[in-house]
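Notes follow the structure.
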Amino acid sequence: IYREVHTLQAGHWMRFDGQALKMHRYWQLAFGPKRVISYDQAQQEVRGLIADAVRLRLRSDVPLGVFLSGGMDSSVVAYEAAQVLGSKLKTFAVGVDDKALDESGVAARTARDLGVGHQVPVFSMHWNEVPGPDQVEHHLQLFLTGMAVYMNGGDAVVKHSCSLAH
């Protein structure tokens with residue numbers, strides 16, 4: 001999004017010591033020997049690993065939510081979280097006024113089918129140029145405030161219009 005701003009490689013962290021940036025690897029995927037298992041066994045193992053991963057991340061003393069993008073990955077995470085939290089789980093998606101880009105309807109149907117709460121803040125975006133960091137931070141803060149109200153039991157409906165044309 002920004003010139004000369006790059007992402008770190010997977011499994012790395014970086015430190016600036018005042019003079020130079022130093023990148024360090026903290027993790028590397030290690031491949032073990034191949035196992036021969038049936039398709040059904042593989043399905044069961046993957047389902048179990050996903051369920052365990054989601055369950056472990058649900059440990060919290062504050063309300064938790066799942067962002068539903070309308071895709072398969074977030075739907076699987078929401079399903080597994082709903083298996084643990086039931087109707088206490090809250091989900092949200094971001095709606096945009098451009099119907100060609102908006103996946104919030106699929107996300108809402110997923111939440112309904114799971115029997116969990118769901119919120120869809122709608123953003124009207126009219127950007128004639130890439131927004132600057134201050135503008136992004138401002139709009140993100142408004143969104144997160146609405147989501148915090150929703151996650152803590154409020155019935156916030158966030159409708160926000162972004163107009164960043166100069």
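Predicted model, so just to flag it, every value in this text is computed and none were measured.
Partners of R35 according to the salt bridge (charged side-chain N to carboxylate O under 4.0 Å, His left out) rule, which considers only residues two or more places apart in sequence or in another chain, are E45. For the salt bridge (charged side-chain N to carboxylate O under 4.0 Å, His left out) test, residues two or more places apart in sequence or in another chain that qualify with R55 are D52.
More than 12 heavy atoms of other residues, nucleotides or ligands sit less than 6.0 Å from atom CZ of R25.
Going from atom CZ of R15 over to atom CE of M23 covers 14.0 Å, rounded to the nearest 0.5 Å. In this structure, T110 OG1 and M72 CE are separated by 11.0 Å, a value rounded to the nearest 0.5 Å. With values rounded to the nearest 0.5 angstrom, L58 atom CG is found 10.0 Å from K88 atom NZ.
With S74 contributing its side chain and S69 its backbone, the two residues share a donor-acceptor pair below 3.5 Å.
Across every non-hydrogen atom of A82 and V116, the tightest pair is CB-CG1, 4.0 Å. Annotation for L68 and A78: closest pair CD2-CB, 3.7 Å, computed over non-hydrogen atoms. Heavy-atom minimum distance, G71 versus S75: O-OG, 2.7 Å. For the residue pair V54 and A81, the shortest heavy atom distance occurs at CG1-N, 3.7 Å. Taking each heavy atom of T91 and A111 in turn, the nearest pair found is OG1-CB, 3.4 Å.
Sorted by first and then second residue, the pairs that involve residues 16-58 and meet ring-ring contact (aromatic ring centres under 6.0 Å, His included), not counting sequence neighbours, are W13-H24.
Note on V84 and L56: separate hydrophobic clusters, where clusters join Ile, Leu, Val, Met, Phe, Trp and Tyr whose side-chain heavy atoms are under 4.5 Å apart, directly or indirectly. Hydrophobic clustering (ILVMFWY, side-chain heavy atoms < 4.5 Å, transitive): L64 and V66 are in one cluster.
Looking only at side-chain heavy atoms (C-beta outward), I50 and E80 come within less than 4.5 Å of each other. L114 places a side-chain heavy atom less than 4.5 Å from the side chain of Y79. No side-chain heavy atom of V77 sits under 4.5 Å from any side-chain heavy atom of D73.
When only modelled atom types and interatomic distance are considered, S38 and D40 share no side-chain donor-acceptor pair under 3.5 Å.
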